[in-house]
Every structure is written in C-alpha cells, then in structure tokens.
Amino acid sequence: TPPPSFQDVFGKLAIEIAKNREDTVCITAAMREGTGLVPFSKEFPDRYYDVGIAEGHGVTFASGLAAQGIRPIAAIYSTFLQRAYDHIIHDCAIQHLPVIFCMDRSGIAGEDGPTHHGALDIAYLRCVQDMIVTAPKSGNELRHLMYTALNIKDKPFSIRYPKANSVEFDEEGQMELLSIGSWEICRQGEDIAILAVGPMVYTALAAAERLLDMNLEIEVVNCRFIKPMDIACLENIKNKFNNIITIEEGTINGGFGDGVSSWLLENGYKGHLKRLGLPDLFVEHGSRDHLLKSLGLDEEGLVSTIKSIRNLEEESTV
C-alpha cells in the first residue's frame, strides 16, 4: 500500500498529540476535510475550532489561546494563510507566541489551479522576525517537527508540506526532538551538493542514483529548517563544493535558495550556485506530476540541470 498523504499523516499526528497533551487544540478555516482534521474533529470536538473562511481571525484566535498557555495548531492552506499575514506578524510573532502553523498544499497543489498553489509561504514567512520556518521530507519527519514545535515556547513555528504522499510514515513511530536549525546529510558526495527542501530530498536522491553512471557523486542535504539555516553545515558545503544547487517547491524570488545565496555571497563563496524552484509567474492548473515536470522540478529535470552544470565545468577546463 502506498504511504498516506501528508494531510492524512497530519490528521493522525494531531490526534496522537492531543492524546498525549491536554493543552493542544486544532484550528482551521473551513478546510476540515482538506487539512485531514475530520477524525480529530470527531474524537476531540471540544478541542477543534473551525472559524470559517476567516483566516485572519483564526490566527488572532490562535494567538489569544497561546497567550493563555494553550498550544494551538493552526492548519491552514499555504495560499490562504496569505490572508492572515498582518495577524501572523502583529498578533503572533511580535507577541512571541508559540502558535504552530501547519500549511497544507505548500508548493504545487495540482488541479486546484493558480489560486491554490502554495508558492509564496517560504518567501513571506522567512522575513518575519523570530519565525521558525520548516519543511519535513516525509511523514515521519512531520511527526518530529510537530513535537519539536511543541517544545518551543516563545516564538511561532511553521511547517509546510505538499498535497502529495508522505513517502514514509510509521503509525507506531517514535518522535525525535530536532535541534533547531539542524540539517541532515542524506547522502555523502564529492562533486555537487544539492540542498533540498521537503520531499524534494527524494527527488534529489533519485537523481543522484542515476548520475552514478556519469561518475558523479552527489551530496544530498535535507534542509528541513529553512530558517534558521544550519550555518555549520553551510560552512562545510561552502568549503567542499564548487557547485551547489538549491531545490524547493516555492517561488525562487525570496525563497530558500535566496537565503543560501545571500549567505554564500557574504561569506566569500567562489563557486557556482543554481537555484531551482517555482518561476516568477503564476503556474496554471494541471496534475502535480505534469506541472513539476514542466517546471524542471522532477527527477528528469534535476538530472538534466546537473548534466548541464557538469558540461559547463568540462568546457571551462578544456
């Protein structure tokens, strides 16, 4: 059987957390089904709030609860959280309140079209002071991030995941508390480093496997913390690789790759950086696989990007 979708994993984890902690509640904005909260709403009707299509109110309400020691999990689609931007900043972040934002439909949302693609959340949350911005590579890592978020008491924490299968999820799995800002080296390599966000880690791993034929050893890094970044890890990558690729399912302008790029520039990186992500245009509707392919963000696209980098290198050394 295929692994459950991220939204179903989120729904299961919300229940798991609620059983362990009586101080948690879930809030959504008219998206009970889409966020996977139907089972939670039935099991914990007194701890489930649907505020209707009023995302701003939902965030302010969550912030008010957090101010009273309750731990709210606000499950709102990435694209609809835009409506609550002022509330995120003024009612939550400035007040140092530990609201957990779980953003479904981050990245390409498939047939729902341009209104539903979660293209902007990395860019619009990265710049909010004190906000921790994360993306799990799998359902298991979503568990780790949700429990890690519950451990943070003085700032908001955002977790983004796509409308896709969760790759790996163990129903009976154990949570791990992750060190804030820590990345994970998923594959060691010598030639090119790929810094991947969310399930793009698996796209990068698949591409790396295919490039072994070309004698290319690709290092794949799971950049689960978009902010703060893992500076020690970045330092190592800067010193080890002449070619770095960032890949994310969000707009390139203002995205994770921009954060990496700025850091590398300020720290004297002399190599090449290629940022991959969503382009500076509104992506039309279509199936998720079709759109990722057309944007060069699938395994094929990544392989051909790496090959072109390799060819440029060989030409420059000739």
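What you see is a predicted model, and the numbers here were worked out from it, not measured in a lab.
By the 4.0 Å N-to-carboxylate-O rule, K163 lies too far from E111 to be salt-bridged with it. Between D23 and R71 there is no salt bridge, since no side-chain N of the basic residue sits under 4.0 Å from a carboxylate O of the acidic one. A salt bridge links E141 with R224: at least one charged nitrogen is closer than 4.0 Å to a carboxylate oxygen. Remark: E16 engages R143 in a salt bridge, criterion side-chain N to carboxylate O under 4.0 Å. One finds a salt bridge joining K12 and E171 here, because a Lys/Arg side-chain nitrogen approaches an Asp/Glu carboxylate oxygen to under 4.0 Å.
The aromatic rings of F40 and F44 sit tilted, their planes meeting at an angle between 30° and 60°. A parallel orientation is assigned to the rings of F6 and Y161, their planes being inclined by less than 30° (bins at 30° and 60°).
When only modelled atom types and interatomic distance are considered, R47 and T24 share a side-chain donor-acceptor pair under 3.5 Å. Checked by atom type, the side-chain pair E168/Y202 shows a donor-acceptor distance below 3.5 Å. There is a side-chain donor-acceptor pair under 3.5 Å between S41 and R32. Using modelled atom types and a 3.5 Å distance limit, the side chains of S63 and D91 yield no donor-acceptor pair.
For the pair I185/C233, a side-chain contact is recorded, criterion being any heavy-atom separation below 4.5 Å from C-beta on. Side-chain contact between M146 and I159: present, with at least one pair of heavy atoms (C-beta onward) separated by less than 4.5 Å. The side-chain heavy atoms of I244 and Y269, taken from C-beta on, include a pair separated by under 4.5 Å. Proximity of F225 to D230: side-chain heavy atoms (C-beta onward) are nowhere separated by under 4.5 Å. Between Q82 and L120 the shortest side-chain heavy-atom distance falls below 4.5 Å. F241 places a side-chain heavy atom less than 4.5 Å from the side chain of E219. Contact annotation: the side chain of L295 approaches that of L278 to within less than 4.5 Å [non-hydrogen atoms, C-beta and beyond]. Residues M200 and K137 are not in side-chain contact: their nearest non-hydrogen atoms beyond the backbone lie 4.5 Å or more apart.
Within a 6.0 Å sphere centred on NZ of K238, heavy atoms belonging to other residues, nucleotides or ligands number more than 12. Annotation for H285: atom NE2 does not count as buried by contact number, only 12 or fewer foreign heavy atoms lying within 6.0 Å. Taking a 6.0 Å sphere around CD1 of I53, one finds it holds 12 or fewer heavy atoms contributed by other residues, nucleotides or ligands.
Looking only at distances, a side-chain donor or acceptor of R187 sits under 3.5 Å from a matching main-chain atom of I218. In this structure, the side chain of R160 does not engage the main chain of C102 through any donor-acceptor pair within 3.5 Å. Listed for the N165 side chain is no donor-acceptor partner under 3.5 Å among the backbone atoms of P3. A donor-acceptor contact shorter than 3.5 Å links the side chain of E248 to the backbone of F256. Not one N or O on the side chain of H96 forms a donor-acceptor pair closer than 3.5 Å with the backbone of D130. In this structure a side-chain-to-backbone donor-acceptor pair under 3.5 Å is present from S308 to T305. Counting only distance, with no hydrogens or angles, the side chain of S138 and the backbone of V167 share no donor-acceptor pair below 3.5 Å. With hydrogens and angles ignored, the 3.5 Å screen pairs no side-chain donor or acceptor of S158 with any backbone N or O of F101. At least one donor-acceptor pair closer than 3.5 Å links the side chain of N267 to the backbone N or O of W263. In terms of modelled atom types and a separation under 3.5 Å, the side chain of S287 and the main chain of H290 share a donor-acceptor contact.
Between A204 and V220, the shortest heavy-atom contact is CB-CG1, 3.8 Å. What you find for G255 and R126 is that their closest heavy atoms are O-NH1, 2.9 Å.
Note on V201: it clusters hydrophobically with V303, by side-chain heavy-atom contacts below 4.5 Å among ILVMFWY residues. In the hydrophobic clustering of this structure, L297 groups with L211; members are Ile, Leu, Val, Met, Phe, Trp, Tyr whose side-chain heavy atoms approach within less than 4.5 Å, directly or through other members. Under the 4.5 Å side-chain contact rule for hydrophobic residues, L195 and I247 do not share a cluster. The cluster map of Ile, Leu, Val, Met, Phe, Trp and Tyr, joined by side-chain heavy atoms under 4.5 Å apart, puts I70 and I76 in different clusters. Hydrophobic cluster membership is shared by I94 and I88, with clusters built from Ile, Leu, Val, Met, Phe, Trp and Tyr side chains linked at under 4.5 angstrom.
Atom CG in L205 sits 8.5 Å away from atom CD1 in I194 (nearest 0.5 Å). Atom CD1 in I180 sits 8.0 Å away from atom NZ in K155 (nearest 0.5 Å). Between N222 atom CG and C186 atom SG the span is 5.0 Å, to the nearest 0.5 Å. Atoms CD1 and CG, from I122 and D258 in turn, are 10.5 Å apart once rounded to the nearest 0.5 Å. For the atom pair D298 CG and L291 CG, the distance stands at 11.0 Å (nearest 0.5 Å). Between the CG atom of L145 and the OG1 atom of T134 there is a distance of 4.5 Å, given to the nearest 0.5 Å.
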Q. Step by step, would you call R275 with S261 a side-chain hydrogen bond (donor to acceptor under 3.5 Å, both in side chains)?
A. CA-CA 8 Å; R275 296 167 306 149; S261 152; 5.4 Å; no

Take N242 and H272 through the side-chain hydrogen bond (donor to acceptor under 3.5 Å, both in side chains) test and state the conclusion after the steps. CA-CA 6 Å; N242 286 324; H272 301 281; over 6 Å; no

side-chain contact (heavy atoms from CB on, under 4.5 Å) assessment of D191 paired with N243: CA-CA 7 Å; D191 298 308; N243 284 292; over 6 Å; no

Intermediate values then yes/no, side-chain contact (heavy atoms from CB on, under 4.5 Å), Q7 and T35: CA-CA 5 Å; Q7 73 186 52; T35 55; 5.9 Å; no

Q: Give the C-alpha distance, both sets of side-chain angles, the deciding distance and a yes or no for ring-ring contact (aromatic ring centres under 6.0 Å, His included) between Y85 and Y124.
A: CA-CA 8 Å; Y85 196 54; Y124 72 65; 5.5 Å; yes

Quiz item: Which is it for I108 and E249 under the side-chain contact (heavy atoms from CB on, under 4.5 Å) test, yes or no, and what are the steps along the way?
Solution: CA-CA 7 Å; I108 296 296; E249 220 180 301; 3.8 Å; yes

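The six-membered or imidazole ring of F80 lies near that of H116, with a centre-to-centre distance under 6.0 Å. In this structure, Y49 has its ring center closer than 6.0 angstrom to the ring center of F61.
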